[in-house]
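Shown next, in structure tokens, is the structure this report addresses.
For reference, positions follow the sequence shown, starting with 1.
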Amino acid sequence: AVEYMRPLSLNAAPEHASYRHFPALGEERFPIFLAVPVAGPSGPLGALVLQRRGPPAFDAAEVELAAALTAPVAAVVERAR
């Protein structure tokens, strides 16, 4: 998501080529994944990540809402700097 600056939604995150497993996190319990990039004034600041335990996958309205939430997140990060 951050590399291409666009949302990435997956029905099964462990099947994605970029997936990395960290046993201590227990993320395998939440395979449905959405990452939305957080844009800063001079480039990406990171990503807002949402995960879901089971179906349904994130729909277009949820992706749009998550994308809208990145603006205040970016503002808070920049203000903290």
- [ ] Indicate the atoms forming the closest heavy-atom contact of F33 with Q51, along with that distance.
- [x] CD1-CG, 3.9 Å
Open item on the list: Who clusters with M5? Use side-chain heavy atoms, under 4.5 angstrom, across I, L, V, M, F, W and Y, and order the result by chain and number.
Closed with: none
Task: Euclidean distance, N11 CG relative to R52 CZ, rounded to 0.5 Å - done: 10.5 Å
- [ ] Treat each ILVMFWY residue as a node, draw an edge where side-chain heavy atoms are under 4.5 Å apart, and state whether V49 and L8 are in one component.
- [x] yes
Open item on the list: Minimum heavy-atom separation for A39 and A74, please, with both atom names.
Closed with: O-CB, 3.3 Å
- [ ] Answer yes or no: are there more than 12 heavy-atom neighbours, outside E64 itself, under 6.0 Å from its atom CD?
- [x] no
Task: Contact check, side chains of I32 and P55, non-hydrogen atoms, under 4.5 Å - done: yes
- [ ] Can you see which heavy atom on A13 is nearest to which on Y19, and at what distance?
- [x] O-CB, 3.3 Å
Task: Heavy-atom pair with the smallest gap, counting every atom of G46 and V2 - done: O-CG2, 3.3 Å
Task: Co-membership, hydrophobic cluster, residues V77 and L69, 4.5 Å side-chain - done: yes
Task: Between CG on residue L50 and CD on residue E62, distance to nearest 0.5 Å - done: 9.0 Å
Open item on the list: Could you report the tightest heavy-atom contact between P7 and P37, atom names first, then the distance?
Closed with: N-CD, 3.8 Å
Task: Spacing of L48 atom CG and L34 atom CG [to the nearest 0.5 Å] - done: 7.5 Å
Open item on the list: Within the 4.5 Å heavy-atom criterion, are L45 and R81 side-chain neighbours or not?
Closed with: yes
Task: Distance, nearest 0.5 Å, that separates CZ of R20 from CG of L25 - done: 14.5 Å
- [ ] Return yes if some donor-acceptor pair links the side-chain N/O of E78 with the main-chain N/O of A75 below 3.5 Å, else return no.
- [x] no
